Amino acid sequence: MRYSAPRGTADVLPQDSPRWQYIENKFREICRLYGYDELRTPTFEDTELFTRSIGQHTDIVSKEMYTFTDRGERSLTLRPEGTAPVVRAYLQHKLFAEMPVSKVYYITGIFRYERPQAGRFREHHQVGIEAIGSQDPAIDAEVITLGMKYLGSLGIEGLTLKINSVGCPVCRPAYRDALKSAVEPYVGELCESCKIRYEANPLRMLDCKVAHCRELTVNVPNIVDHLCDECAGHLKSVLHYLDMLNVPYTLDSRLVRGFDYYTKTAFEVVSGALGAQNAVLGGGRYDGLVLEMGGQPTPAVGFGSGIERTLAIMEAQGIEIPVTTHPSVFVVTLGDRAKEAGIKLLGDLRNAGVAAEIDYSGKSMKAQMRSADRERAQFAVIIGDDELDKGIVKARNMQTKEETEVDLADAVERIKGML
RNA sequence: GCGGGUGUAGCUCAGGCGGUUAGAGCGCCAGGUUGUGGCCCUGGAGGCCGUGGGUUCGAGUCCCAUCAUUCGCCCCA
């Protein structure tokens, strides 16, 4: 064991990849249903794309990006989040000219230089969607609903959808000031992190997990009461649509998200089945981002959801996935002549669309049968000298133990008929 | 970037105060009729005891470092 995968990364082994495929397939299915098409962007982008969009003073930009210089002296960065590349592609290819609203999804790796712990890695994978071009609160509801339906389709239970509005450039500054004034008398009692937040990003004090900080801020002004008319109306409509679509939620006025570009709707889906990192899906509206990145003012909303965390919940809840990787037929041969015939039959079966396997390690018949059993083949097709002389093969049903002799000449059709 | 736990077989883990050839279960391989799987029985392979230093007559066991992993903080999915 000389080499191992880099810290915070993991292999998805053959025994686990069906789970990943299951999740990805469910997600694609839901996206198709809701009219979202896949958009694939490069694994790395110009560094500036992320520093401008995510915000210079966020944790991601200040200490978590995988940034490198290529041989042409360009500064590039491995994608640390999914939204900025989508917006870049949207602008670069002028997708706004094709349809009033661009609805896209992605399934991709995300890279952040973090200290690994439960549910947190240096490379993780997200499924996500972005709807760019509409300010209609109904599309916020659509995005959220799609996310909940997706997680629900996996059989996950016990999820809580938390939703809030973080305001907009019109009302947020005033709220920020009101918040700071209210907290001012107690600044000295706040935890060290919150003292920094008080100056740098006051809203983040609201979701501090330190009990004393929560007590100090319990009677602080509520952001929902300080929204401008537009933001308040937007939030109200989003909640209305969610009610209408039967999507349960919890209004959480302390929910704040880390990226600078969020406006109005912010939401997060948390699960009690996870550890400290309990958010499995998170997103919101980012009406200022397209403009910030050089486009026309364009409203947008989206979410990202971690595949590893989703898998962790499914495992914690004992959710099984349908297994489809079993071969239909395991070809068992005895002797050199039979091996010839077996390889030929194996090829014919596969050409006819029948999943078929054979042993390549020269095992005894008993061991070949064991392999057939272990791989859960429906039939073991046995070929030996006796059968060859009679021009037949034996098809053994592994469950009923019933053995049927079939002519070698039309074996493929006969076996197909038995499956 | 900061704090705590843990590194022994493919996997899950035992290995009282340092003491000879490091164990178990599961898994794997092979036998139990020279042509038949699951259950059972028997046998076998497989370990630089994470790595590097140190203490000691002697280290899987004690000390230091390092790497990995794990649980937290920060932040996020």
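This structure is a prediction, so every number in the text was calculated from the model and none was measured. Throughout, a chain's letter reflects where its sequence line sits, starting with A, and its residues are numbered from 1.
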Does [N] have a Watson-Crick or wobble partner in any strand here, with both distances under 3.5 angstrom, and which is it?
N     : value
B:A68 : B:U6
B:G31 : B:C41
B:G58 : none
B:C73 : B:G1
B:C48 : none

I want to verify a distance call: between [options], whose nearest atom is closest to the [X] side chain?
X        : options             : result
A:Met369 : B:G37, B:A77, B:G35 : B:G37
A:Met365 : B:G35, B:G38, B:A77 : B:G35
A:Arg115 : B:G37, B:G1, B:C75  : B:G1
A:Lys363 : B:C75, B:U36, B:A30 : B:A30

Considering every strand and a 4.0 Å limit on heavy-atom distances, what is the contact class for [X]: base, sugar-phosphate, or nothing?
X        : result
A:Ile382 : base
A:Ala367 : sugar-phosphate
A:Phe303 : nothing
A:Gly147 : nothing
A:Glu387 : base
A:Gly119 : base
A:Phe330 : nothing
A:Glu114 : base
A:Ala118 : sugar-phosphate

Problem set entry | Exercise: do A:Thr265 and A:Asp140 side chains pair donor with acceptor under 3.5 Å |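 Yes, side-chain donor-acceptor contact under 3.5 Å.
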Does [N] have OP1 or OP2 under 4.0 Å away from a side-chain N or O of [X]?
X        : N     : value
A:Arg374 : B:C28 : yes
A:Gln117 : B:U70 : no
A:Arg7   : B:U69 : yes
A:Lys394 : B:U36 : no
A:Arg370 : B:A30 : yes

For this session: Confirm from the modelled atom types if A:Gln368 and B:U36 form a donor-acceptor pair under 3.5 Å, side chain to base only.
Result: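 No, no donor-acceptor pair under 3.5 Å.
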Exercise. When you measure from the side chain of A:Lys103 to the backbone N and O of A:Tyr34, does any donor-acceptor pair fall under 3.5 Å?
Worked result: yes
Measuring only the [atom1] atom in each nucleotide, how far is [N] from [M]? A whole number of Å is fine.
N     : M     : atom1 : answer
B:C29 : B:C73 : P     : 44 Å
B:U42 : B:G5  : P     : 43 Å
B:G32 : B:G37 : C1'   : 15 Å
B:A24 : B:A9  : C1'   : 11 Å
B:G47 : B:G23 : P     : 14 Å
B:G38 : B:G4  : C1'   : 46 Å
B:C28 : B:U56 : P     : 48 Å
B:G53 : B:A14 : P     : 28 Å

Exercise. Does A:Lys26 make a cation-pi contact with A:Tyr150, if we ask for NZ or CZ under 6.0 Å from the ring centre and within 45° of the axis?
Worked result: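 Output no; distance or angle outside limits.
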For this session: Answer yes or no on whether A:Arg122 is positioned over the face of A:Tyr113, meaning its NZ or CZ is under 6.0 Å from the six-membered ring centre and within 45° of the axis.
Result: yes
Seminar exercise, completed: Of A:Leu274 and A:Glu308, the one whose nearest nucleotide on RNA chain B sits closer to the 5' end is A:Leu274
Exercise. RNA chain B: A:Ala279 or A:Ser364, which has the more 5' nearest nucleotide?
Worked result: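 Looking at the nearest nucleotide for each, A:Ser364 comes out on the 5' side.
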What is the distance, to the nearest angstrom, from the [atom1] atom on [X] to the [atom2] atom on [N]?
X        : N     : atom1 : atom2 : value
A:Leu388 : B:G35 : CG    : C1'   : 13 Å
A:Lys366 : B:C28 : NZ    : P     : 14 Å
A:Leu334 : B:G37 : CG    : C1'   : 14 Å
A:Tyr262 : B:C75 : OH    : P     : 16 Å
A:Glu81  : B:A77 : CD    : C1'   : 11 Å
A:Arg122 : B:C75 : CZ    : C1'   : 14 Å
A:Lys63  : B:C75 : NZ    : C1'   : 7 Å
A:Leu13  : B:C11 : CG    : C1'   : 12 Å

Within a 6.0 Å radius of atom [atom1] on [X], are there more than 12 heavy atoms belonging to other residues, nucleotides or ligands?
X        : atom1 : value
A:Glu38  : CD    : yes
A:Glu340 : CD    : no
A:Arg337 : CZ    : yes

Exercise. Of A:Glu402, A:Glu405, A:Glu387, which meets salt bridge (Lys or Arg N to Asp or Glu O under 4.0 Å) against A:Lys394?
Worked result: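 Among the candidates, only A:Glu387 passes.
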Exercise. Where is the tightest heavy-atom contact between A:Val101 and A:Ser134, given as atom of each residue plus distance?
Worked result: CG2-CB, 3.7 Å
